[in-house]
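The next block holds one structure in the form of structure tokens; read it before the comments.
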There are 2 protein chains.
Amino acid sequence: MAKTRKVTNPLALAVLAWLLVEPMHPYELGRRLKESGKDSAIKYNRGSLYMVVEQLRKAGFVTEQETLRDTRRPERTVYALTGEGREELYDWLRELVAQPRREYPQFGVALSLLSVLEPADAAELLDRRLTTLGEEADETRATVRAATEGGVAWVFLIEEEYRLALLEAEHRFVTGLIESLRQPDYIRTWHEVFGNRQ
Amino acid sequence: MAKTRKVTNPLALAVLAWLLVEPMHPYELGRRLKESGKDSAIKYNRGSLYMVVEQLRKAGFVTEQETLRDTRRPERTVYALTGEGREELYDWLRELVAQPRREYPQFGVALSLLSVLEPADAAELLDRRLTTLGEEADETRATVRAATEGGVAWVFLIEEEYRLALLEAEHRFVTGLIESLRQPDYIRTWHEVFGNRQ
DNA sequence: GGGGTCATGTAATAGGTTACATGATTCT
DNA sequence: AGAATCATGTAACCTATTACATGACCCC
């Protein structure tokens, strides 16, 4: 089901969603994405934006509506959502909500190779991570608070709440992990088995 | 600091780590990655493997050690870790452990656009997600249990424990979210504001 | 009125995935 | 012996990121 999508970059989903509101040109899409803060959940960069818009056009999900050649600014092409684009938006979004996709977080990679590091070293590095995780959680809470006080409804902030939940979970996990790495048993065994390699 | 790395694909980190054990050819690397189950934490596919090995060679982190032309099998090139490769392995791994990187999970994208969906629909889709999340958590627990009973040390399973911690956190988060979506207040407001679009 | 930076887009390059190819082994 | 599968690698094709280009506006 996911395999049959003609465009897979998540940025394209955001484009479809914004075009649901009204037709606009790519640069404007990018501007709104940043202004609304959604670029913290969606990896955004201008080059990719023009690319996905072109992909969406080829796939028939958007159409060129008009090209403004108002002499003052570079020529801008305005795109509009098509019927198929609307369908794709709902279908894709509903799939993403209902079905967890397997992800490969970088920290998972690091953990899967953690036995390479000397236990004391690993524990100290994880301590540093804890500090940063705490700071990021604080920043996220501050963002949410500021937005809420500015009148933004909670539904437009759930991705931040989600991020916070993950940060907190990771914090707890790392705290426990550090403790395990400091068990004398593990330290001794590690030096017996891998010590020669360091 | 991360920007200066010559190779960035995490698969390359795993390659460096395995070559620390002994020199081997790419196919063998792939086989061990799968056998050890580390391919659940690291996105692995054969094409990418040959690509990153070549990148590592160009960067001077590995060298061609010999080419076996034992007539029975396709020609295989054995690669060995260089001094620089060893340095890079430790440096990269330590960075990954100590510093959280910003990630863009697909579910975050979906959440950032959740207001597009009708509340009742969204809640029902999230219910389905809960079921799958529970199943995945169960599978992960089973994997860990089986491996532990088979004598695998906990340190080789931490990435699974991490995955489990994230799955559980997401489960709790989604449970709460469903409740919020079912508040009459939200349902009414949504229909007032977005109802015309559906 | 020249130096930054905003607005907008295109082109060049690098990265990653899928598809293809081919000899060896094993199975029935 | 032919079919299926394993072992191994290369090539073609997409995707994504970076770098480049260019006119307008803004500020002392």
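Proteins come first, then strands; the chains are lettered A, B, ... in the order of their sequence lines, and each starts at number 1.
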Find the distance [X]:[atom1] to [N]:[atom2] and express it as a whole number of Å.
X: R5(A); N: dT15(D); atom1: CZ; atom2: P; answer: 15 Å
X: M51(A); N: dT13(C); atom1: CE; atom2: C1'; answer: 14 Å
X: L11(B); N: dT17(C); atom1: CG; atom2: C1'; answer: 13 Å
X: L49(B); N: dG15(C); atom1: CG; atom2: C1'; answer: 15 Å
X: K34(B); N: dA7(D); atom1: NZ; atom2: C1'; answer: 13 Å
X: Q55(A); N: dT17(D); atom1: CD; atom2: C1'; answer: 13 Å
X: R46(A); N: dT8(C); atom1: CZ; atom2: C1'; answer: 7 Å
X: Y50(A); N: dT18(D); atom1: OH; atom2: C1'; answer: 15 Å

Provide the closest heavy-atom pair for A147(B) versus L157(B) in the form atom of the first, atom of the second, distance.
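The answer is CB-CD2, 3.7 Å.
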
Any side-chain N or O of K43(A) under 4.0 Å from OP1/OP2 of dA16(D)?
no

For E35(B), I'd like to know if atom CD has over 12 heavy atoms of other residues, nucleotides or ligands within 6.0 Å.
yes

Any salt bridge between D127(A) and R182(A), counting N to O under 4.0 Å?
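Here D127(A) pairs with R182(A) in a salt bridge, since their nearest N and O are under 4.0 Å apart.
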
Choosing from [options], which nucleotide comes nearest the side chain of [X]?
X: P26(B); options: dT10(C), dG9(D), dT17(C); answer: dG9(D)
X: N9(A); options: dA7(C), dA16(D), dG16(C); answer: dA16(D)
X: R76(A); options: dT8(D), dG9(C), dT17(D); answer: dG9(C)
X: N45(A); options: dG9(D), dG15(C), dT18(D); answer: dT18(D)

Starting at the 5' end of DNA chain C, which residue's closest nucleotide do you reach first, S48(B) or G47(A)?
G47(A)

